[in-house]
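These figures come from a predicted structure and were not determined experimentally.
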Amino acid sequence: MTTKMFSSGVLLTIADSLCQFIEHTNKNRRLAESFPTNDSTESSSTFTLDVSRLVRFSLMGAFFIAPATHHWYNYLTKVLPFPKPNTPHFVTTLKRVVLDQVAFAPFFIPAFFAALSTLEGKSVVQTIDKVKADTKPTYITNLGVWVPAQLVNFSVVPGRYQVLFSNFVGFFWNTYLSYVSNSKK
């Protein structure tokens with residue numbers, strides 16, 4: 001579990017760094033398009049990481065995402081074990097994916113936004129507003145990312161590497177979550 005927590009914390013740190021860089025680049029591009037000048041350096045600014053945001057994401061990875069997914073995958077393995085080795089396990093894989101998307105994701109996504117908002121020091125009302133605004137569109141995007149990823153994860157990846165695989169997919173997913181959780185609506 002310690003390795004999973006460490007790797008998840010590091011991956012979320014990198015994912016948020018990438019997101020911050022993309023946000024910075026997009027902001028500069030929009031400024032350059034809005035105010036074209038002969039000197040392109042006038043509309044650009046120096047990229048600086050928001051370290052407190054980075055720390056929050058690292059903490060979320062290590063102490064929220066990794067433990068939750070670790071225990072969830074262990075639970076799935078117990079309640080939906082694969083049949084004998086070398087036999088098809090497509091039906092069990094589908095059941096795991098459905099259970100993952102019906103019993104885990106709809107609760108995990110709002111819990112993620114609520115925990116992150118709490119770490120940001122937002123009020124209860126602000127947290128509830130954020131959860132209400134972002135959960136449904138994030139869940140819909142989640143289905144497009146995680147259903148195919150979990151089909152691969154549960155059918156091909158050995159159990160002890162499933163959190164690592166999820167962290168790999170999660171790198172891109174968490175870059176997206178960083179964007180959503182920091183977007184101003």
Side-chain angles (χ1 to χ4, degrees), residues 1 4-27 30-31 47-76 79 95-151 153-154 162-163 165-185:
M1 171 87 104
K4 292 173 185 176
M5 292 172 70
F6 177 78
S7 64
S8 186
V10 168
L11 283 171
L12 260 81
T13 301
I14 296 168
D16 184 59
S17 298
L18 175 62
C19 182
Q20 288 188 45
F21 181 75
I22 291 168
E23 289 170 343
H24 171 78
T25 302
N26 287 342
K27 179 181 173 186
R30 283 190 304 272
L31 283 172
F47 173 64
T48 306
L49 279 173
D50 179 342
V51 176
S52 52
R53 172 178 155 177
L54 206 61
V55 168
R56 286 190 298 272
F57 263 80
S58 178
L59 291 172
M60 290 294 293
F63 298 104
F64 184 79
I65 293 173
T69 55
H70 169 81
H71 292 295
W72 176 246
Y73 292 154
N74 284 344
Y75 173 76
L76 284 177
V79 297
K95 287 179 182 178
R96 285 184 181 186
V97 171
V98 168
L99 194 57
D100 185 60
Q101 294 305 310
V102 172
F104 183 72
F107 300 99
F108 182 79
I109 291 168
F112 174 87
F113 287 129
L116 188 60
S117 289
T118 301
L119 287 175
E120 291 171 343
K122 293 187 176 167
S123 71
V124 172
V125 171
Q126 290 171 313
T127 298
I128 291 169
D129 289 346
K130 183 69 173 172
V131 168
K132 283 181 179 178
D134 292 344
T135 296
K136 185 177 179 180
T138 303
Y139 179 70
I140 291 167
T141 303
N142 161 81
L143 292 172
V145 172
W146 286 106
V147 168
Q150 295 297 49
L151 282 171
N153 197 17
F154 297 145
Q162 287 180 350
V163 171
F165 178 83
S166 290
N167 280 340
F168 173 75
V169 175
F171 171 77
F172 301 101
W173 174 250
N174 290 317
T175 301
Y176 167 76
L177 280 183
S178 175
Y179 174 77
V180 170
S181 64
N182 288 287
S183 64
K184 312 281 189 274
K185 300 226 173 179

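- Of all heavy-atom pairs spanning S178 and E23, the tightest one is O-OE2, 4.4 Å.
- Looking only at side-chain heavy atoms (C-beta outward), V145 and Y176 stay at 4.5 Å or farther from each other.
- A side-chain contact (heavy atoms from CB on, under 4.5 Å) with N174 is found for exactly one of L11, V169, D16, I65, namely I65.
- Looking only at distances, a side-chain donor or acceptor of T25 sits under 3.5 Å from a matching main-chain atom of F21.
- Looking at P110 and Y139, their side chains never come closer than 4.5 Å, going by heavy atoms from C-beta outward.
- One distance of note links CZ of F172 with CG of L177; it measures 14.0 Å at 0.5 Å rounding.
- Between S117 atom OG and F112 atom CZ the span is 9.5 Å, to the nearest 0.5 Å.
- S181 has its side chain out of reach of D134: every pair of non-hydrogen atoms, C-beta onward, lies at least 4.5 Å apart.
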Go through S52 and D50 one step at a time and tell me if the side-chain hydrogen bond (donor to acceptor under 3.5 Å, both in side chains) criterion holds. CA-CA 6 Å; S52 52; D50 179 342; 3.0 Å; yes

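- Rounded to the nearest 0.5 angstrom, R53 CZ and T13 OG1 are separated by 12.0 Å.
- M1 places a side-chain heavy atom less than 4.5 Å from the side chain of P67.
- T135 and V131 make their closest contact through OG1-O, 2.6 Å (heavy atoms, listed as atom of the first residue, atom of the second, distance).
- Nearest heavy-atom pair, K130 versus N182, reported as atom, atom and distance to 0.1 Å: NZ-N, 4.4 Å.
- Counting only distance, with no hydrogens or angles, the side chain of Q20 and the backbone of S17 share no donor-acceptor pair below 3.5 Å.
- Atom CZ of F108 sits in a crowded spot, with more than 12 heavy atoms from other residues, nucleotides or ligands closer than 6.0 Å.
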Passes side-chain contact (heavy atoms from CB on, under 4.5 Å), F113 versus T127? Steps please. CA-CA 8 Å; F113 287 129; T127 298; over 6 Å; no

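- Here the side chain of S8 pairs no donor or acceptor atom with the backbone of K4 at under 3.5 angstrom.
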For side-chain contact (heavy atoms from CB on, under 4.5 Å), just list the numbers for F57 and L116, CA-CA rounded to whole Å, side-chain angles, deciding distance to a tenth of an Å, and then say yes or no. CA-CA 8 Å; F57 263 80; L116 188 60; 3.6 Å; yes

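- Once rounded to the nearest 0.5 Å, the distance linking NZ of K136 with OG1 of T141 reads 12.0 Å.
- The distance from atom CG of L18 to atom CD1 of I14, rounded to the nearest 0.5 Å, is 10.0 Å.
- When all heavy atoms are compared, the tightest approach of W173 to T138 is CH2-O, 3.4 Å.
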Result block: side-chain N/O donor-acceptor pairs under 3.5 angstrom for residues 99-107, not counting sequence neighbours:
| residue | atom | partner | partner atom | Å |
| --- | --- | --- | --- | --- |
| D100 | OD1 | W72 | NE1 | 2.7 |
| D100 | OD2 | Q150 | NE2 | 3.3 |
| Q101 | OE1 | N142 | ND2 | 2.5 |

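- Shown here is Y75, whose OH atom has no more than 12 heavy atoms of other residues, nucleotides or ligands within 6.0 Å.
- With rounding to the nearest 0.5 Å, the separation of CG in L12 from CZ in F64 is 11.0 Å.
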